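Here's the structure, in structure tokens; my notes come after.
As a basis for the values below, the full set of heavy atoms in this structure was taken, side chains included, without hydrogen atoms, waters or symmetry mates. All values derive from a computational prediction rather than experimental measurement. Every number for a ligand or one of its atoms is a count from 1 in the order of the listing. All residue numbers in this chain count up from 1 along the given sequence.
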Amino acid sequence: MDSTDFGESIRHVSAFSALAEYAESSPHNEMDYKMTGGNSRLANEFAERVGSENIKLGALVELVEQKRGTVRVRYRSSDGVAAGTETLRADAVICTAPIQSLLKIKFDPPLSPAHQAAAEQLVYARISKNSVVYDERFWKDEDFSLVSDLTSHYYFHSTQGQPGKQGILTAYAIGEKADVFASQSDARRMRIVAGDLRDVDERAPKLARRIVSYAWQRDPYTDGAYALYKPGQWFGIRPILQRPHGKVLFAGEHLADWQGFMEGAIETGEAAATALIRQGS
Ligand SMILES: Cc1cc2nc3c(=O)[nH]c(=O)nc-3n(C[C@H](O)[C@H](O)[C@H](O)COP(=O)(O)OP(=O)(O)OC[C@H]3O[C@@H](n4cnc5c(N)ncnc54)[C@H](O)[C@@H]3O)c2cc1C
């Protein structure tokens with residue numbers, strides 16, 4: 001059950017990260033909170049405040065170059081017809097690329113050998129989410145969730161509090177189970193996810209209508225769900241990954257005190273921005 005928190009068995013997790021997850025004093029689990037209206041509201045609100053004219057989508061950074069006090073960021077644009085390479089110049093940069101993506105970016109001057117070695121050691125969790133629409137909500141309880149020892153691993157009710165006869169249960173699988181799902185077709189994934197529910201209701205496979213799946217370990221821009229600090233790594237490689245590289249500062253979920261969560265990611269971004277503002281004043 002705990003492995004859904006980390007994305008791998010707790011046996012592989014830094015004791016400090018595991019303790020931080022469970023020794024929290026708040027009576028509420030952060031998973032108790034949902035964003036009313038959907039999570040994209042957060043990104044949309046950021047876009048509004050930053051100004052969408054200041055945001056470049058579909059821009060894959062390939063090179064971060066520092067020369068004579070200026071940082072140049074070269075990116076490949078996949079924006080419609082204007083595909084090609086472009087460059088931005090800045091006084092400083094906050095880089096929030098997940099570590100596997102960071103390793104694909106060329107830095108000139110290169111990252112220090114310690115930084116490069118730390119990045120190469122950090123792995124990311126394998127997580128696959130498989131949401132199946134059923135013609136009927138056979139699970140009855142609004143707050144239905146279930147941990148199983150089957151491939152589907154963990155189920156939760158995704159249409160909780162929403163009207164309608166049909167409903168969605170999401171199967172959230174980690175580690176090897178996530179890799180099994182990632183290797184299947186949608187049809188077979190749906191057979192596994194609905195079939196694993198036969199002990200709850202034998203009609204589940206017949207009621208299953210459609211599946212939408214995502215495996216973060218196959219995402220080419222993150223190569224995983226979130227960072228997984230192994231024993232010894234929290235105090236070993238994390239402080240190295242947090243070090244600035246000249247005028248390039250680093251932020252993101254993988255560097256956060258509250259690692260693995262949006263709030264943590266945002267806090268690291270705010271800390272990096274504050275550091276830049278202080279340097280400039
Ligand atoms: C299955 C799952 C469930 C989760 N559940 C929760 C939850 O319930 N609550 C919670 O708070 N958090 C949850 N999280 C974690 C949350 O999604 C992350 O902590 C958060 O998204 C991290 O933000 P970030 O900006 O650091 O990284 P990301 O959101 O990974 O953003 C990094 C971005 O960098 C882009 N990128 C990569 N390479 C390049 C490049 N070369 N050039 C340009 N862009 C690049 C990527 O495309 C990506 O958009 C969950 C994550 C997963 C995978």
>> Which of the numbered atoms in ligand 1 are under 4.0 angstrom from any heavy atom belonging to Trp216?
In response: 1 (C), 53 (C)
> When you look at Arg238 and Asp257, which way does the salt bridge (charged side-chain N to carboxylate O under 4.0 Å, His left out) test go after all the steps?
Replying inline: CA-CA 10 Å; Arg238 186 170 160 267; Asp257 287 343; 2.6 Å; yes
> With atoms numbered from 1 as shown, which atoms in ligand 1 lie under 4.0 angstrom from a non-hydrogen atom of Ser101?
Replying inline: 37 (C), 38 (N)
> Under 4.0 Å from any heavy atom of Tyr221, which atoms of ligand 1 are there?
Replying inline: 37 (C), 38 (N), 46 (C), 47 (O)
> ligand 1 versus Ala251, non-hydrogen atoms closer than 4.0 Å: side chain, backbone, both, neither?
Replying inline: neither
> Taking heavy atoms and a distance under 4.0 Å, where does Leu60 meet ligand 1: side chain, backbone, both or neither?
Replying inline: both
> Looking just at side-chain N and O atoms, do Glu86 and Tyr75 make a donor-acceptor pair shorter than 3.5 Å?
Replying inline: yes
> Under 3.5 Å, N or O to N or O, is Ala225 touching ligand 1 that way?
Replying inline: no
> For atom 44 (N) of ligand 1, which candidate among Gly58, Ala59, Gly224, Pro220 holds the nearest heavy atom?
Replying inline: Ala59
> Which pairs pass side-chain hydrogen bond (donor to acceptor under 3.5 Å, both in side chains) with one or both residues in residues 89-105, sequence neighbours excluded?
Replying inline: Lys104-Asp223
> For Glu253 and ligand 1, does the shortest N/O to N/O distance drop below 3.5 Å?
Replying inline: yes
>> Quick check on contacts: which atoms of ligand 1 are under 4.0 angstrom from a heavy atom of Thr222?
In response: 30 (O)
> Between Gln166 and Glu136, do the side chains contain an N or O donor and an N or O acceptor separated by less than 3.5 Å?
Replying inline: no
> At a 4.0 Å threshold, what atoms of ligand 1 neighbour a non-hydrogen atom of Met262?
Replying inline: 10 (C), 11 (O), 12 (N), 16 (C), 19 (O)
> Heavy-atom contacts under 4.0 Å between Tyr172 and ligand 1: side chain, backbone, both, or neither?
Replying inline: side chain
>> Which residues pass the side chain to side chain contact (heavy atoms under 4.5 Å, CB included) test with Arg188, not counting sequence neighbours?
In response: Gln184, Ser185, Arg191, Ile192
> Under 3.5 Å, is there a donor-acceptor pair between the Ser158 and Thr170 side chains?
Replying inline: yes
>> As an exercise, identify every atom of ligand 1 less than 4.0 angstrom from a heavy atom of Ile127.
In response: 1 (C)
>> Can you tell me which residue among Trp234, Phe16, Tyr124, Phe6 is in a ring pair (Phe, Tyr, Trp, His ring centres under 6.0 Å) with Tyr229?
In response: Trp234
> Does ligand 1 have a heavy atom under 4.0 Å from the side chain of Pro98, from its backbone, from both, or from neither?
Replying inline: side chain
>> If I take atom OH from residue Tyr226 and atom CH2 from residue Trp216, how far apart are they, to the nearest 0.5 angstrom?
In response: 9.5 Å
> Going by the atom numbers of ligand 1, which of them fall below 4.0 Å from some non-hydrogen atom of Ala265?
Replying inline: 22 (C), 23 (O), 26 (O)
> Hey, which atoms in ligand 1 end up nearer than 4.0 Å to a heavy atom of Gly252?
Replying inline: 26 (O)
>> Distance alone, cut at 3.5 Å: any donor-acceptor contact between the side chains of Asp219 and Tyr214?
In response: yes
> Between the candidates Gly269, Ala215, Gly260, which shows the shortest non-hydrogen contact distance to atom 14 (N) of ligand 1?
Replying inline: Gly260
>> Between Glu8 and Arg126, does any side-chain N to carboxylate O distance fall below 4.0 Å?
In response: yes
> Is a side-chain N or O of Gln233 found less than 3.5 angstrom from the main chain of Lys230, in a donor-acceptor match?
Replying inline: yes
> For ligand 1, which part of Val61 has a heavy atom less than 4.0 Å away: the side chain, the backbone, both, or neither?
Replying inline: both
